[in-house]
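Reviewing the structure listed below.
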Amino acid sequence: MRKLMAEFFGTFVLVLGGCGSAVLAAAFPQMGIGFAGVALAFGLTVLVMAFAVGHISGGHFNPAVTVGLTVGGRFPLPQVFPFIISQLAGAAVAGAVLFLIASGKADFDVVASGFASNGYGEHSPGNYNLLSCMIAEGVLTALFLIVIMGATDKRAPAGFAPLAIGLALTLIHLIAIPVTNTSVNPARSTGVALFQGGWAISQLWMFWLMPVVGAALGGVIYRFLLEKAE
């Protein structure tokens, strides 16, 4: 239960901090933080929550990471489903809190704003087509898993894993925000799509499929090509 609560809380902070920065601060008149600020917000949330509760649950905060670590031989299969449920619950509660905050603005329109949802085609920030978005999500999630497994390898310098993982997520967002608004995390996508509704729900399948496939691929690559055999 402590592990599940840690995953709930960590995912809650990730979605509230990362998506909150996109919804509330990215385009704030004359002082908006822009893409770089949003990317940094996502990286910082993972970094601080990995330090805060990572020692309790492992600090996944992401269903794709849980799947990838399982495929990579780092996480027990029976715990996958409970972890994912906890992550989704944390993301949904964060989406609700963010909606309550954002709706206090007089001209706020959750549908028109997009509510930091991930999308492809006409709902991609840069109008990238489905294939481009699928490649971006799959490849970047695979790279994220390789960083996570490498940074937490027992041969890696001790104590630096949260920093490496947080910076990796920042870099991934700097690359992919114009493409898909950056998911690499099905819980993050789901938490805001539930409130945006419409197109965000209809396109959500891709932001489950490709991060999970990419994470599994990253887990396989690290486990069989990079990890030192005992």
Any side-chain heavy-atom pair of T66 and P63 under 4.5 Å: no
Whether T11 side chain and F8 backbone form a donor-acceptor pair below 3.5 Å: no
Distance flag, aromatic centroids of F61 and F12, threshold under 6.0 Å: no
Pairwise side-chain contact, T180 with Y128, heavy-atom cut-off 4.5 Å (strictly under): no
Distance-minimising heavy-atom pair for C133 and M206: CB-CE, 3.6 Å
S86 side chain near M5 side chain, heavy-atom distance below 4.5 Å: no
side-chain contact (heavy atoms from CB on, under 4.5 Å) between K3 and Q79, intermediate numbers included: CA-CA 10 Å; K3 291 181 179 181; Q79 294 185 33; 4.0 Å; yes
Flag for N118-S189: side-chain donor and acceptor within less than 3.5 Å: yes
Path from I201 to V192 over hydrophobic side-chain contacts below 4.5 Å: yes
Side-chain heavy-atom pair V23, F99 within 4.5 angstrom cut-off: no
Residue pair L194 / A92: nearest heavy atoms and the distance that separates them: CD1-CB, 4.0 Å
Sequence-distant partners of R155, salt bridge (charged side-chain N to carboxylate O under 4.0 Å, His left out), two or more places apart: D153
Crowding at CZ, F9 (>12 non-hydrogen neighbours, <6.0 Å): no
Joint hydrophobic cluster, V46 plus L40, side-chain heavy atoms closer than 4.5 Å: no
Donor + acceptor pair across side chains of N129, S132 (<3.5 Å): yes
side-chain contact (heavy atoms from CB on, under 4.5 Å) evaluation trace for V97 with L16: CA-CA 8 Å; V97 171; L16 184 62; 4.1 Å; yes
Path from L225 to V139 over hydrophobic side-chain contacts below 4.5 Å: yes
CA sep, side-chain torsions, deciding dist, call: I165, F144, side-chain contact (heavy atoms from CB on, under 4.5 Å): CA-CA 8 Å; I165 295 167; F144 191 41; 3.7 Å; yes
Side chain to side chain, V65 and I148, heavy atoms closer than 4.5 Å: yes
Considering all heavy atoms, the nearest S117-Q196 contact: OG-CB, 3.4 Å
E7 versus S57, side-chain donor and acceptor atoms under 3.5 Å: yes
CZ/F81: more than 12 non-hydrogen atoms of other groups inside 6.0 Å: no
Note, F42 side chain near R188 side chain (heavy atom, < 4.5 Å): yes
Derivation of the side chain to side chain donor-acceptor pair (under 3.5 Å) call for S183 and W208: CA-CA 9 Å; S183 173; W208 273 88; over 6 Å; no
For the student: nearest non-hydrogen atoms of T141 and E137, plus distance: OG1-O, 2.5 Å
Ring-ring centroid check H173 F35, cutoff 6.0 Å: no
Heavy-atom side-chain proximity of P186 to V212 below 4.5 angstrom: yes
Heavy-atom side-chain contact between W199 and E122 under 4.5 Å: no
Shortest non-hydrogen separation from L47 to L163 and the atoms involved: CD1-CD1, 3.6 Å
Minimum heavy-atom distance S21-A41, with the two atoms named: OG-CB, 3.3 Å
Residue pair R223, V71: steps toward the side-chain contact (heavy atoms from CB on, under 4.5 Å) verdict: CA-CA 8 Å; R223 182 177 186 177; V71 173; 5.7 Å; no
